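Working notes, structure below.
For ligands, and for the atoms within them, numbers begin at 1 and follow the listed sequence. These values consider heavy atoms only, across backbone and side chains, with no hydrogens, waters or symmetry-generated copies. Residue numbers count from 1 along this sequence. Remember, predicted model here, so these are calculated numbers, not experimental data.
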Amino acid sequence: MGSFIPTTRTQGKGNAAYGWLDQSLETLHRAHWYRQVSTVEGRAGSTVRLEGRILLNFASNDYLGLAGDPRLAEAAIAAIQTDGTGSTGSRLLSGHRQIHRELEQAIAQLKGTDDAVVFSSGYLANIGTISALLGPQDGILADQYNHASLKQGAAVSGATVVNYAHGNMVDLKTQLQTRRGAYRRCLIVTDSVFSMDGDLAPLPQILDLADEFEAMVMVDEAHGTGVLGATGAGGVEHLGCTGRPLIHMGTLSKALGSLGGYVAGSAALIDFLRNRAPSWIYTTGLSPGDAAAAKAAIEIVQAEPERRQRLQTNAEYLRQRLDAWLADACLDNDGHPFNLKRLPSDSPIVCLQVQNAATVLQLGQRLREQDIFASAVRPPTVPTSRLRLTVMATHDQAQLDRLVAALKGD
Ligand SMILES: *Cc1c(COP(=O)(O)O)cnc(C)c1O
């Protein structure tokens, strides 16, 4: 990564129409925006083997450590043996299996809704749902920090999109007062746990405003499901909003350790999506193995609350240790203060905001040299550069201590 400038690869060979690709890549390299993958070897857990080295893992969304759980693997293998590796068709034509229905019922039961429908990914669930529910006569009020897939779904729908200031209910109310009358339908859409910050949306207030202004609410529980709430149902349960009319969306690929996305809600909503969501209708059904693994994960979430408890304890411990350490001045390689700021978090996502991209890269490098894997996130992904640390239920205290010591440069 970094300063490598690629040589032109396609120019002069064949059709010049493709030449702009090399130029674009060159621009990405010059701006230090070029990104590439690193190869993980074997099962990732609280530690991960990356390019031959074993690193402490603070960059995973596998909050409960289920992606490597043998029970998920066994469920997937059993489903593959009975149903095969592929669903072979779209759900409405030839791809619907009993395991899909069982998974959807398990999701609806976890969420306390009438029904649920599973998509091939959370990204596709967001695109298909928002674009099915809204059109050009409608309006979407969206938290400015929403996930990219919600933004993409809103753009695809053709509705008018207005962002309200992050978590700001005064702003949301003002927008509803001035704009609601101009829209046929209105949707308020938000992450429950913000993926790049770790704080929570004020769902009770959002739902109250939705009642007042006759708006629908869609909540993205990608980082809430399995993680928050007494039964692991997510941020909606944690914030006391179970049973209120809303559109629950989430992914099977984070705490549930599999692949796929879902929407849960009223029978009418789910029935409508099965008839109108293009990213559900015109794509192959979720593979039997992925569906079975996700269903096994939901059973574990419900049967083993101690995993969730452990996750909360670990996150709280890390936040406290970081705060205690931030109180001491923390110095960069030249002896200047880093001016780190821990962002407010009510989840296993803990972020340390820094002044600029160069600083976050230096911190990320410091960790990497001490065999710790964490994400240095920079604009344009986020408004301010930050180190994003994700805690897992399977971390032990010594591992969390090692992270803090490494950050300090001890
Ligand atoms: C990861 C994520 C998604 C997309 O889910 P996938 O199943 O990975 O496609 C959607 N919303 C949020 C907030 C996410 O973090």
Side-chain angles (χ1 to χ4, degrees), residues 37 40 44 59-64 66-67 72 100 103-104 107 111 116-131 140 142-157 163 166-167 187-201 203 206 217-228 234-236 238 246-264 277-280 283-287 289-291 293-295 297-298 343 345-351 375 377 381-382 386 388-392:
V37 298
V40 170
S60 172
N61 294 318
D62 181 24
Y63 299 109
L64 301 175
L66 295 182
L72 271 68
H100 293 130
L103 172 60
E104 288 168 342
I107 293 167
K111 298 281 168 178
V117 56
V118 292
F119 291 75
S120 302
S121 77
Y123 200 102
L124 288 170
N126 277 337
I127 306 245
T129 301
I130 298 175
S131 64
I140 297 175
D143 190 289
Q144 68 177 140
Y145 288 178
N146 276 351
H147 190 259
S149 55
L150 293 171
K151 295 186 176 177
Q152 183 75 27
V156 169
S157 76
N163 289 326
H166 177 56
L187 177 75
I188 304 169
V189 60
T190 183
D191 287 17
S192 69
V193 177
F194 285 88
S195 56
M196 290 295 151
D197 297 76
D199 57 341
L200 305 184
L203 291 180
I206 289 175
V217 175
M218 179 168 172
V219 177
D220 181 333
E221 292 262 44
H223 299 274
T225 302
V227 170
L228 295 178
V236 171
H238 177 74
L246 67 99
I247 301 162
H248 303 250
M249 173 274 160
T251 176
L252 307 175
S253 34
K254 286 172 180 153
L256 300 181
S258 181
L259 178 67
Y262 66 81
V263 173
S279 67
W280 189 78
T283 194
T284 301
L286 196 62
S287 82
D290 288 322
K295 183 171 165 262
I298 292 173
L343 298 178
S345 158
D346 307 287
S347 72
I349 301 168
V350 180
C351 292
S375 312
V377 199
T381 307
V382 286
R386 68 201 59 183
R388 179 180 183 269
L389 306 162
T390 52
V391 179
M392 296 174 69

Smallest heavy-atom separation, I127 atom then S279 atom, equals C-OG, 4.5 Å

Per side-chain contact (heavy atoms from CB on, under 4.5 Å), F194 is matched among I349, L200, L343, N146 by N146

Sorted by chain and residue number, the ring-ring contact (aromatic ring centres under 6.0 Å, His included) partners of Y123 (sequence neighbours excluded) come out as none

Q | H223 and S347, any side-chain heavy atoms less than 4.5 Å apart | A | no

Heavy atoms of L286 and L103 approach each other most closely as CD2-CD2, 4.1 Å

Kindly print each ligand 1 N/O atom paired with any protein N/O atom under 3.5 angstrom away, one pair per line, or none if nothing qualifies.
from	atom 1	to	atom 2	distance (Å)
ligand 1	7 (O)	G122	N	2.8
ligand 1	7 (O)	T251	OG1	2.6
ligand 1	7 (O)	S253	OG	2.8
ligand 1	9 (O)	G122	N	3.2
ligand 1	9 (O)	Y123	N	2.9
ligand 1	11 (N)	H147	ND1	3.4
ligand 1	11 (N)	D220	OD1	3.4
ligand 1	11 (N)	D220	OD2	2.6
ligand 1	15 (O)	H223	NE2	2.7
ligand 1	15 (O)	K254	NZ	2.6

| Flag for S258-K295: side-chain donor and acceptor within less than 3.5 Å | no

